[in-house]
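Some notes on the structure that comes next.
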Amino acid sequence: MYTADTAAHHDHAHGAPRGIMRWLTSTNHKDIGTLYLWFSLFMFFFAGALAMLIRAELFQPGLQLFQPAVFNQLTTMHGLIMIFGAIMPSLVGFANWQVPLMIGASDMAFPRLNNWSFWLLPAAGLLLIATFFVPGGAIAGGWTMYPPLYIQGGVAYDMSILAIHILGISSIMGAINIIVTILNLRAPGMTLMKMPLFVWTWLITAFLLVAVMPVLACAITMLLTDRHFGTHFFDAAGGGDAVMFQHLFWFFGHPEVYIMILPAFGIVSTIIPTFARKPLFGYVSMVYAVASIAFLSFIVWAHHMFTTGMPVGGQLFFMYTTMLIAIPTGVKVFNWVATLWRGSITFETPMLFALAFVFLFTIGGFSGLVLSLVPVDIQLQDTYYVVAHFHYVLFSGSAMAIMGGIYYWLPKWTGHMYDETLGKIHFWLTAIAFNITFFPMHFLGLAGMPRRIPDYALQFADFNMISSLGGFLLGASQLLFLYTVIKCVRGGAPAGNKPWDGADTLEWTQTSPPPYHSFVTPPQIKLVRGRSHANAR
Amino acid sequence: MQTHAEHDVYYVPPPSIWPLVGSVALLVLASGFVMLLHKIAAGPYVMALGIGILLVMLFGWFSTVIRESLAGKYSDQVDTSFRWGMVWFIFSEVLFFAGFFGALFYARILAVPWLADAQMLWPGFTAAWPTAGPGVKTVLTPVDAWGLPALNTLILLSSGATVTWAHWGLQKGRQFQLKLGLALTIILGALFISLQIHEYGEAAFTIRDGIYGATFYMLTGFHGFHVMLGAAMLTVIFLRALAGHFTPGRHFAFEAVAWYWHFVDVIWLMLFVFVYWL
Amino acid sequence: MSNRSCQRIGQIPGAIQAIPILIVWFVSARAHAEYGLNLHAPATNLAQKIYDLHTAILWICLAIFIVVFIPMCIALLRHRKSKGHRPARFHDNLTLEIAWTIVPVLILLAMAGTATRLVVAMKDTDEADLTIKVTGHQWKWEYEYLGDDIRFISTSSTPKEQIDGAQAKGENYLLEVDRPLVVPAGQKVRLVLTSADVIHTWWVPAFGLKQDAVPGFIRDSWFKADKPGTFRGQCAELCGVGHGFMPVVVEVVTVEQFDAWKQAQKALVAAAAASAGKTYTLAELKALGEKVYKTNCIACHQATGLGIPGAFPALIGSKIVSGDKSGHIDMVLNGKPGTAMAAFGKQLSDVEIAAVVTYERNSWSNKMSDVAQPADIAARRK
Ligand code: HEA
Ligand code: HEA
Ligand code: CUA
Ligand SMILES: [Cu+2]
């Protein structure tokens, strides 16, 4: 990817090593970012393939392809791998590539540690995927791993616990690295309130990671000791409580969903101003909104547990706090709209993804709001309505923002333009197929179809069939994505330093692809409030 | 605000094999542990291999860091990075313990009273603490807080003082005070651990005895593990102090370990209050 | 399908996306008993209120959606570069920002008020006319009418052949049970729920009642059905292999019918007690045992008796099954703590356990040709 003409900055001790060792031993944020992105793409396809199998089984009522035991494994592993294998690593990949470039740093604060954070992922991934091949098959208790069901399982359950421990170590170290990079390595002149919004969202996301991953580690450690060492944390006979696990899990789990959406907000907040050719509206309120979302995320966790039978005071508290999140999130949506207003808009592929994000994420946010109302949630908890909700926020939210971000920065990363026509086709196929797949799930949920079932009553048949057809189309469209990305990596029209005339963050002052060591000496920055105009002329 | 001139080039280390070795180590270790849990004969050996690789990695990695440090590659800015890094690492550790304390409070304040209310299922069960739970038939005699635990509190608190004393020595360039302080700290740490092991041996209940046993051993066990880690790190620092690695101006490694040690101290105080005493 | 469900589509945000769905829906020739786009038709006052709350929220969300996206669409249509629109430079407007923070707060307050009253009403389980203890088992429900000596287990009655596609699927496919819960109309029924193994969730949509059954704890909830009828639901919490096959069926009857039903149940109990001392033949036990096996054991140990390697052991050639009879009986009576194998002694009668043990010992390639009698079981119960 790095050609000879990028060697301008060779005043530094070492350039890019050649061959496989370049990737195995890298201390370069760009290389590591690339590794993260490829890894997550692979995992996305793996977990997506599992989703295809799920949709194939659910195509018709009755058991056709998989026995229930296997079906539950597919569901569980699909969710787990999508979250821990696809979305999170790809966002860290973005952070690796973009954070140093956007703040004018030479690299991440701890380049070696950075490499370890990455290489732990394949180790954990291996452990996780290997569970499909052990006696008893992979874990089948849902990605939420609720005991006592989780206590009943076989070898795979222990392997998964340890895999998640390793993922947790990776996330915590990765997050510390990002925080320190942002706090300590900004170019002179770049005050906190002048950082690009993407950097802000990652700063706060990294904080969330450091705060909640240890709690997950603690919860699954208790699972392990309950399984093997005779503890009774989740067993009433010994004075424990299975619901306690849910509290611990969701104390991690809810911030976790914002870990997956905040950087996506950051990506969208970068793309929209670029293609509206207008500064981001309400930068300061955007920063405060992200911070408030992060703060609130710590005190809403039990909205996943409204049917566990908690006391009425608990239900009300968690309902109110959850509803509050609509306020800062609304501020963000309004700001995006106001950014578009009276801009000079063009519709390149990244922009299409960002616009679809605003539109579809809001639908997902609204279904979240519907779920936050305890009485309604009682009807909808553990139904396909929830599945619809979280695919709207996760697929058309996180995943589509990621895709948009990839199109947006591919020219910078590779030095080539991607194929705009293919990109647009990919976008429209994805957006349409996505809605065909997941919109009917709202109806299924309302009508009473529980989630995590391999077979369903007859009145759910038609919507499931539609949803499966949509799902297959959605899967096939992603093959086009893969093709477009590979095509762009291998060649294409030269991108130039700054292919997007509306872009104004620091990375566009660098060559495309940027030199192996960018910003070896920090750039001087002259800034307008809220806009990081680079002044590296 | 730093000006351009103050910013020297931030040190970016050359490619390194150690992270990869570390990943392999953890993979091997985890696989071995799973085997052990499922009584596969190779388990302990695979685990030992994993630990071996991990130790090699730690040794290799830290030697590199020490070499770089001595070579003066770490500018003030790098030093600040290390400080931030350590702070956030300790923050994550705090939350790890918070999770277990959360479990303790939840069980004690909520779950056990609820179980006592569910007379339909557990006739005759009352919400007393400590308890092994309604289905476990052991009479629990908790450890007396004002026996060994109080002594251990004293020991750990004094070790906090000795490490601070060593730090003063280091800052004032009194190398002997530094070494003596460190040695005392390590000895006190070791004493703490041996007393803790003794206490485990004497305790009239096990980790299997319901929620009290579970929270007790989990919290004190993880704390003890952290003390051991801290002591190991102190030992490395001690050896480095003997080798004369630290100067009054530049001794981040020492401070990091000292912070860690204080963190372990504070956790113990929480343990003493909520696990042993109240 | 009701008119109401047709209208509802209009209320769903992003109705445009529903167009392809609608086409397929109208083209599809199948007749549907209760084809749903919306929540079930409520059968209790509370469910009605939930229904109305949901409808109201949907309208509000739709309204906000329109208010937010009309400006966005205008911008997308008019403020394009291709139309020569030049970008404005503004990037702040305090009044606007305060307005769009305050207005949502007010909207949310209104929503929260209604919801709060409903939550409090749903939690009020006092002064019930009837209390029923519901225990979740992997994968069936046990009902116990507290104060009346009635206790039975309710299991899915959908035949395996229908699930595997060997037989046409019935109207209530997967939503039918052998013995429904029977309750009187117009009376406040309090449920106390718990579980014997993992977490299950008892759910009847028409009652607006969904409550987790947590092992070792008691949770309670209530409903008051207005009119007689049959209401169907499912277990809603993932509880293992049989989670999709754990329906809930409630038969709401008039108070008179309910009293008559209670009498009949008591007679059944008496008859069962009488048969407990009886001695059965191998053939009788095998026949009954096959039924018991199909409803209780098949999900794990499979119809073939081969189990699922690594998760559930095979019963063919099993040491326990081909060993001493008493060991086998103990395993079924007491289960094996810490594994999925439950203690069936609490769920099944002596006759049933005798039957299933005999069945397992004399089926597939197992040929023990010995018989376990109800008396043997009684003897091994502690
Ligand atoms: C990226 C991930 C993501 C995001 C961003 C969200 C966002 C939200 N979620 Fe979601 N959620 C998940 C991922 C996510 N969720 C997942 C994975 C699950 C299921 C887990 C499992 O069980 O497996 C879940 C489940 C879930 C539940 C539990 C459902 C159940 O199991 O019973 C609830 C209940 O309250 C909920 C609520 C919300 C709310 C209120 C928001 C809010 O943040 C949304 C806020 C946004 C808006 C409201 C739209 C924009 C706002 C405006 C335009 C302003 C004006 C609006 C008003 C005034 C109304 N979510
Ligand atoms: C970020 C997260 C994310 C993403 C992107 C997705 C993407 C998809 N999800 Fe996922 N899903 C979850 C997170 C996610 N999901 C979670 C957390 C759960 C809950 C798990 C649990 O209950 O524990 C869940 C559960 C879940 C269910 C419910 C299962 C159940 O309750 O039993 C379903 C059912 O339809 C589903 C479907 C899909 C589909 C069709 C896609 C599609 O968008 C996928 C599209 C992508 C591809 C298909 C990959 C690309 C293509 C190929 C691999 C080539 C081969 C394919 C063809 C040739 C067609 N998901
Ligand atoms: Cu019982 Cu699901
Ligand atoms: Cu949540």
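Numbered from 1 within each chain, the chains take letters A, B, ... in sequence-line order.
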Task: Leading residue by heavy atom contact count with chain B [cutoff under 4.5 Å; candidates A:W119, A:W116, A:F207] - done: A:W116
Task: chain A interface, residue from B:L110, B:V78, B:L121, B:L37 that has the most non-hydrogen pairs under 4.5 Å - done: B:L37
Task: Per-residue contact mode, A:L120 against chain B (heavy atom under 4.5 angstrom) - done: both
Open item on the list: Applying a heavy-atom distance below 4.5 Å, give me the residues of residues 206-221 of chain B that approach chain A, sorted by number.
Closed with: B:I207, B:R208, B:G210, B:I211, B:A214, B:T215, B:M218
Task: More than 12 heavy atoms from other groups under 6.0 Å of CZ on B:F125 - done: yes
Open item on the list: Using a 4.5 angstrom heavy-atom cutoff, name the option from B:G135, B:S31, B:S81, B:S92 with the most pairs to chain A.
Closed with: B:S81
Open item on the list: Donor-acceptor pair, distance only, cut-off 3.5 Å: does the side chain of A:S518 make one with the backbone of A:P514?
Closed with: no
- [ ] Identify which of A:L121, A:N177, A:N115 forms the greatest number of heavy-atom pairs closer than 4.5 Å to chain B.
- [x] A:N115
Open item on the list: When you compare the side chain of B:W84 with that of A:I176, does any pair of heavy atoms fall below 4.5 Å?
Closed with: no
Task: Contact origin within A:H29 toward chain B - heavy atom pairs under 4.5 Å - done: neither
- [ ] Could you tell me whether the side chain of A:R186 and the main chain of A:I182 form a donor-acceptor pair under 3.5 Å?
- [x] yes
TODO: Give, as side chain, backbone, both or neither, the part of A:P311 having an atom under 4.5 angstrom from any heavy atom of chain B.
DONE: side chain
Open item on the list: Can you confirm whether the side chains of B:E199 and B:Y276 place a donor and an acceptor under 3.5 Å from each other?
Closed with: yes
Task: chain A-proximal positions within residues 19-27 of chain B [heavy-atom distance under 4.5 Å] - done: B:P19, B:L20, B:G22, B:S23, B:L26, B:L27
TODO: Sort A:L224 into side chain, backbone, both or neither according to what part of it lies under 4.5 angstrom from a heavy atom of chain B.
DONE: side chain
Open item on the list: For the residue pair B:H223 / B:W268, report whether a side-chain donor-acceptor contact shorter than 3.5 Å exists.
Closed with: no
- [ ] Select one option (side chain, backbone, both, neither) describing which atoms of B:F82 are under 4.5 Å from chain A's heavy atoms.
- [x] both
- [ ] Calculate, to the nearest 0.5 Å, the distance between atoms CZ and CD1 belonging to A:F252 and A:I220 respectively.
- [x] 9.0 Å
Task: Atom group of B:M57 that falls short of 4.5 Å from chain A, counting heavy atoms - done: side chain
Open item on the list: If you compare all heavy atoms of A:I299 against all heavy atoms of A:F317, which two are closest, and at what distance to 0.1 Å?
Closed with: O-CE2, 3.6 Å
TODO: Decide yes or no on side chain to side chain contact (heavy atoms under 4.5 Å, CB included) for B:F33 and B:V46, but give the supporting numbers first.
DONE: CA-CA 8 Å; B:F33 189 45; B:V46 177; over 6 Å; no
Open item on the list: For residues 235-243 of chain A, give me every residue with a non-hydrogen atom less than 4.5 Å from any non-hydrogen atom of chain B.
Closed with: A:A236, A:A237, A:G238, A:G239, A:G240, A:D241, A:V243
Task: Contacting region of B:W18 [heavy-atom separation from chain A under 4.5 Å] - done: neither
- [ ] Hey, could you give me the CG/CG distance between A:L128 and A:L162, rounded to the nearest 0.5 Å?
- [x] 11.0 Å
- [ ] Measure B:A132 against the heavy atoms of chain A and call it side chain, backbone, both or neither at under 4.5 Å.
- [x] backbone
Open item on the list: Between B:W61, B:F89, B:F91, who has the most heavy-atom pairs with chain A when the cutoff is under 4.5 Å?
Closed with: B:W61
Open item on the list: What verdict does the ring-ring contact (aromatic ring centres under 6.0 Å, His included) test give for A:Y150 and A:F234, after you've listed the backbone C-alpha separation in whole Å, the side-chain angles of each residue and the deciding distance to 0.1 Å?
Closed with: CA-CA 11 Å; A:Y150 205 84; A:F234 308 127; over 10 Å; no
Would you list the atom pairs, donor with acceptor, under 3.5 Å between side chains in residues 165-175 of chain A and any protein atom, with sequence neighbours excluded?
from	atom 1	to	atom 2	distance (Å)
A:H165	NE2	A:T221	OG1	3.2
A:S170	OG	A:S117	O	2.8
A:S171	OG	A:L167	O	3.2

TODO: Heavy-atom pairs under 4.5 Å with chain A are the metric here; pick the option from B:R108, B:H38, B:R83, B:E93 that has the most.
DONE: B:H38
Open item on the list: When you measure from the side chain of B:T80 to the backbone of B:D76, do you find a donor-acceptor pair of N or O atoms at a distance under 3.5 Å?
Closed with: yes
Open item on the list: Using a 3.5 Å distance criterion without hydrogens, assess whether the side chain of A:R112 forms a donor-acceptor pair with backbone atoms of B:I17.
Closed with: no
- [ ] Tell me, out of A:A123, A:P111, A:P214, who's got the most heavy-atom pairs with chain B below 4.5 Å.
- [x] A:P214
TODO: Using a 4.5 Å cut-off on heavy atoms from C-beta on, say whether the side chain of A:P255 contacts that of A:F298.
DONE: yes
Open item on the list: So for A:I161, is it side chain, backbone, both, or neither that comes closer than 4.5 Å to the heavy atoms of chain B?
Closed with: neither
Open item on the list: Tell me if a side-chain donor or acceptor on B:Q77 pairs with a main-chain N or O of A:N184 at a distance below 3.5 Å.
Closed with: yes
- [ ] Find the one option among B:A30, B:S16, B:A116, B:A111 whose heavy-atom pairs under 4.5 Å with chain A are most numerous.
- [x] B:S16
Open item on the list: Under a 3.5 Å distance rule, please check whether B:T131 uses its side chain to pair with a backbone N or O of B:G133 as donor and acceptor.
Closed with: yes
Task: Enclosure of B:F105 CZ (heavy-atom neighbours >12, cutoff 6.0 Å) - done: yes
Open item on the list: Is a donor from one side chain sitting under 3.5 angstrom from an acceptor on the other, for A:Y516 and A:D31?
Closed with: yes
Open item on the list: Looking at A:F229, I'd like to know if its CZ atom is crowded, meaning that more than 12 non-hydrogen atoms belonging to other residues, nucleotides or ligands lie closer than 6.0 Å.
Closed with: yes
- [ ] For the residue pair A:F118 and A:F39, categorise the inter-ring angle as parallel (less than 30°), tilted (30 to 60°) or perpendicular (more than 60°).
- [x] perpendicular
